[in-house]
**Student:** 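The structure follows.
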Amino acid sequence: MKKLNMWIMAMALVAAPLTACTGGGGSSTTDPDDGKTDAKPIDGKSDDDPLPPTPTKCSHDWDCKVGEVCRDVPGADGKLCQAAEAEEERVFGKIDLGFDENQDLIVAVYSVPTGDEAKLGSISYTLSIFEEEAEEDATSDAISDADADTDSDSEEEGGMAALQKKLASSNLSPEWQARLAFDTARSNRIGRTVKALRAGKQKWHMKKDGGTCDPKKCDGVCVKGACVGDDDYPKFNLWMQDAKTDLDAVLMYHENGVAIFMDADDYEEEDNDSYEIIKNQIGDVFAKIIMPRDLKFFGPGDKHEGPLDRDGNGYMTVVLSSKLCNSKLNVLGFFDDRDYMDSSMVGSAGKEYEGASGNEADILWVRSIGAVGDCESEASVEKILGTMAHEYQHLISYGRRVYAKNKTAAKELLWLDEGIAHLAEDLTGYGSGNYSVIAKYLDMFNDVSFSASYPSTGSTAEQHVAGRAAAYLFLRYIFESLGGATYSASDDESKAADIKDEGGIAFLQKLYNSDYAGLSNVAQASGKKIADIMADYVEELLFDGIEEGRGFATPVDDPITGFVRGIKLRGETFTDSDGVNHTFEGPALIDEYDVDTLISDGIEAMIEGEGAINYIVLSGDELMTIAGTADAAFDGHLAVFKADFL
């Protein structure tokens, strides 16, 4: 029997479908805490593609709805679909594989969970040779965790401190460990805030700066009701981990709608170099390039106002502090949703996930320039700018989807929110920080799902970091495939936001204007079926740099920022923000399975939440039928596609 090479690619689907039988489908409304608000059919508009009614009679499990199995029923004329028992398994689909000469195929297993099925989190499944008489005995090691969901919102005992301890056992740098811990905690908090808002247990009071400070009459910046100038030291509240700390700050820059403060503990009155760097390399760049571009792609308008200007003082506030190098933080920068909260929003005592900071302001926290402290590396200007582009996207998302809505608040799933933020770095012209993450993804291509959220069953911290690049590349492809955008060719920074939408910006705006989340949000925003998007995306990803005219658009040098926009996965060298060169060679494809193994043992793998895994089958000459088996609540699908490209 001829050996077939099967390479695992944890991502999506590819090109023209052949024959497949698959179960699943449908839609439901889910709990707001799982990040899926009034989730609708994943494939876009149901009116254009109505799902067929579920038959009562059946021949196989895949003829039935998710949560049902096909059984012999006494007195019935043949088999009927019946509700599955707890932890019962079902054969969710089968496919027939046949090969033409030099024909490569892709076998795809993918999941788009809805309703109760979304709470299963990670699901194990088995692919095996399908035998009609053996269908009822098919088994797999399905994992069902009723407390987990697709965004890993179950609380970790001990909060972020425990999560950081768990992350410390990984191979990631301390900075990445801290970053994952913070982002996961923030996502969990946002989920609880959305749930409380939608239930009417909390409500935004839309309190502005107020007090005696009138932003139009203040020569400096209004902070907590007081007009602050260069000689004043306003206090800001910084969440360290499980407690807040107060810090005095010095106003260093307040121009072009941006106010930058420096931690007074870092401030040296005669340090003219810091003034120049903050003004010319950070303040002006953020105010004139990054913020206008982020607003162009993601904002409700072209100004930092409305739901983005939480305190109504007319400025986007940035606070620089070396305290971000404290061992309890150790991050380059962040947006903290607790800064937006009304001071009355206080959660359970002792939990750093809960409670307002008391700032009631729109703030980006950034590490002071060059500060090391407990941090592993210095904060270069390039790193700071990329971080600000990334975190400002998070602030825009929160302002639009949560703060502006009260009972209609919606949370974006963690994987997609982070993917958009990494895309924001690229689109604003400061995406060099993405290259090291992309390198990790390409090296781990066989073992990464773009929708995996850490921590969750079966997911490692390294997979989550690599998954950020997967999500970024997925969104980058959709943005380009829908037309992208045309930038001004001028090197004049006043034209930084002179960007014409060719279809890509409309896609991004729809992501923010909806109450969808995750893949459902991508489907409605693109107007395409997820299966079709994934099919095209993976094929282009694999072709990128191999065949002219295929893959991602040619990267360009940004005439204003001096950095590269866009990506190419083969044949070009990119320098990241640490000065490391990366010459990508495409995805690493290494794992092999042969037909004998498939027949005797099957292939066991795991899908995590929303996502997909593909198996490339190279030039086989066997005719076989493969079946997929998993938990009966798993909305699994099987498909096979032609893939003549390797």
Side-chain angles (χ1 to χ4, degrees), residues 28-40 114-115 118-119 147 149-155 159-160 182-210 237 239 298-300 305-312 334-349 351-363 391 393-418 420-421 453 510-518 520-521 524:
S28 67
T29 300
T30 66
D31 191 295
D33 196 34
D34 67 11
K36 295 192 170 186
T37 308
D38 298 327
K40 299 176 176 62
T114 58
K119 296 184 180 298
D147 294 327
D149 62 35
T150 57
D151 205 22
S152 304
D153 278 349
S154 56
E155 293 187 20
M160 193 163 70
F182 183 91
D183 291 346
T184 301
R186 177 177 59 194
S187 180
N188 292 343
R189 285 195 306 268
I190 293 173
R192 284 186 282 279
T193 297
V194 166
K195 185 175 182 178
L197 290 169
R198 292 179 66 82
K201 296 180 180 179
Q202 289 183 353
K203 182 179 180 180
W204 295 115
H205 297 106
M206 304 298 180
K207 181 181 178 181
K208 299 299 183 183
D209 204 77
N237 305 316
W239 274 102
F298 310 110
E305 59 186 10
L308 307 187
D309 188 8
R310 172 66 174 93
D311 53 11
F334 55 82
F335 157 71
D336 194 332
D337 58 293
R338 290 169 290 193
D339 291 328
Y340 251 74
M341 289 182 179
D342 295 340
S343 294
S344 61
M345 291 182 175
V346 179
S348 304
K351 288 187 177 181
E352 85 287 352
Y353 287 164
E354 310 292 352
S357 70
N359 291 317
E360 293 187 0
D362 41 298
I363 299 176
E391 297 301 328
Q393 182 281 143
H394 285 312
L395 186 150
I396 293 173
S397 176
Y398 191 83
R400 295 188 66 179
R401 291 175 64 86
V402 182
Y403 179 65
K405 291 190 173 183
N406 278 313
K407 280 198 171 185
T408 59
K411 175 196 172 186
E412 187 52 87
L413 297 188
L414 177 58
W415 73 264
L416 183 55
D417 195 32
E418 291 300 335
I420 298 171
S453 296
K510 288 178 182 178
L511 290 176
Y512 283 84
N513 290 329
S514 76
D515 60 357
Y516 294 78
S520 294
N521 202 5
Q524 70 82 27

**Student:** List the residues meeting salt bridge (Lys or Arg N to Asp or Glu O under 4.0 Å) with Asp417, not counting sequence neighbours, and say none if there are none.
**Tutor:**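 Salt bridge (Lys or Arg N to Asp or Glu O under 4.0 Å) list for Asp417, sorted by chain: empty.
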**Student:** Considering non-hydrogen atoms only, spot the tightest contact between Gly399 and Pro307 and give its length.
**Tutor:**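 Answer, listing the atom of Gly399 first, then Pro307: O-CB, 3.3 Å.
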**Student:** Just jot down the salt bridge (Lys or Arg N to Asp or Glu O under 4.0 Å) partners of Glu418, sequence neighbours excluded, or say none.
**Tutor:**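 Partners of Glu418 under the salt bridge (Lys or Arg N to Asp or Glu O under 4.0 Å) test: Arg186, Arg468.
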**Student:** Can you name the residues that form a side chain to side chain donor-acceptor pair (under 3.5 Å) with Asp339, not counting sequence neighbours?
**Tutor:**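 With neighbours one apart ignored, the set is Ser357, Asn359, Trp365.
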**Student:** Output all residues satisfying ring-ring contact (aromatic ring centres under 6.0 Å, His included) with Phe298, sequence neighbours left out; order by chain, then residue number.
**Tutor:**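 Tyr512.
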**Student:** The criterion is side-chain contact (heavy atoms from CB on, under 4.5 Å); which residues satisfy it with Lys510, sequence neighbours excluded?
**Tutor:**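 If we apply the side-chain contact (heavy atoms from CB on, under 4.5 Å) test to Lys510, skipping adjacent residues, the hits are Gln524, Ala525.
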**Student:** Working to the nearest 0.5 Å, report the span between OG1 of Thr184 and CZ of Arg189.
**Tutor:**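 Here the rounded value is 10.5 Å.
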**Student:** If you measure from CD1 on Ile363 to CG on Asp311, what distance do you get to the nearest 0.5 Å?
**Tutor:**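 Output value for this atom pair is 7.5 Å.
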**Student:** Does the side chain of Ser187 come under 3.5 Å of the side chain of Lys411 through a donor N or O and an acceptor N or O?
**Tutor:**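 Short answer, yes.
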**Student:** Write down the atom of Val194, the atom of Ala409, and the distance for their closest heavy-atom approach.
**Tutor:**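 So the minimum-distance heavy-atom pair works out to CG1-O, 3.6 Å.
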**Student:** Please round to the nearest 0.5 Å and tell me the distance separating atom CD of Gln202 and atom CG of Asn406.
**Tutor:**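 Gln202 atom CD to Asn406 atom CG measures 10.0 Å (nearest 0.5 Å).
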**Student:** Can you sort out the partners of Lys201 under side-chain contact (heavy atoms from CB on, under 4.5 Å), two or more places apart, ordered by chain and number?
**Tutor:**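 Only Ala196, Ala199 meet the side-chain contact (heavy atoms from CB on, under 4.5 Å) criterion with Lys201.
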**Student:** Do you know the tightest heavy-atom contact between Gly200 and Lys407?
**Tutor:**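 Answer, listing the atom of Gly200 first, then Lys407: CA-CE, 3.8 Å.
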**Student:** For Arg401 and Tyr516, work out which heavy atoms get closest and say how close.
**Tutor:**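 For Arg401 versus Tyr516, the nearest heavy atoms are NH2-O, 2.7 Å.
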**Student:** Contact between Leu197 and Val402 at the side-chain level, heavy atoms closer than 4.5 Å - yes or no?
**Tutor:**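 The answer is yes, as the side chains (C-beta and beyond) meet within the 4.5 Å cut-off.
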**Student:** Parallel, tilted or perpendicular for Phe334 and Phe182, by the 30°/60° rule?
**Tutor:**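 Tilted: the ring planes of Phe334 and Phe182 meet at 30° to 60°.
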**Student:** Which pair of heavy atoms, one from Gly518 and one from Leu413, lies closest together, and at what distance?
**Tutor:**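 Heavy-atom minimum between the residues: CA-CD1, 3.7 Å.
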**Student:** Ignoring hydrogens, what is the shortest heavy-atom contact between Asp362 and Leu308? Give both atom names and the distance.
**Tutor:**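 Where Asp362 meets Leu308 most closely, the heavy atoms are CB-O, 3.2 Å.
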**Student:** State, yes or no, whether a side-chain contact exists between Trp204 and Met341 at a heavy-atom distance under 4.5 Å.
**Tutor:**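 Of all side-chain heavy-atom pairs linking Met341 with Trp204, at least one is under 4.5 Å.
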**Student:** How long is the span from the OH atom in Tyr398 to the CZ atom in Phe335, to the nearest 0.5 Å?
**Tutor:**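 Spacing of OH (Tyr398) from CZ (Phe335) equals 6.5 Å.
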**Student:** Salt bridge or not for Arg192 and Asp337, using N-O below 4.0 Å?
**Tutor:**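 No salt bridge links Arg192 with Asp337.
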**Student:** Kindly determine whether Glu360 and Asp342 satisfy side-chain contact (heavy atoms from CB on, under 4.5 Å), including the steps that lead there.
**Tutor:** CA-CA 6 Å; Glu360 293 187 0; Asp342 295 340; 4.2 Å; yes
**Student:** Could you tell me the separation between the CG atom of Leu511 and the CD1 atom of Ile420, rounded to the nearest 0.5 Å?
**Tutor:**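 So the CG of Leu511 and the CD1 of Ile420 are separated by 5.0 Å.
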**Student:** Could you state the interatomic distance from CG (Leu395) to OH (Tyr403), rounded to the nearest 0.5 Å?
**Tutor:**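 Reported to 0.5 Å precision, the distance equals 11.5 Å.
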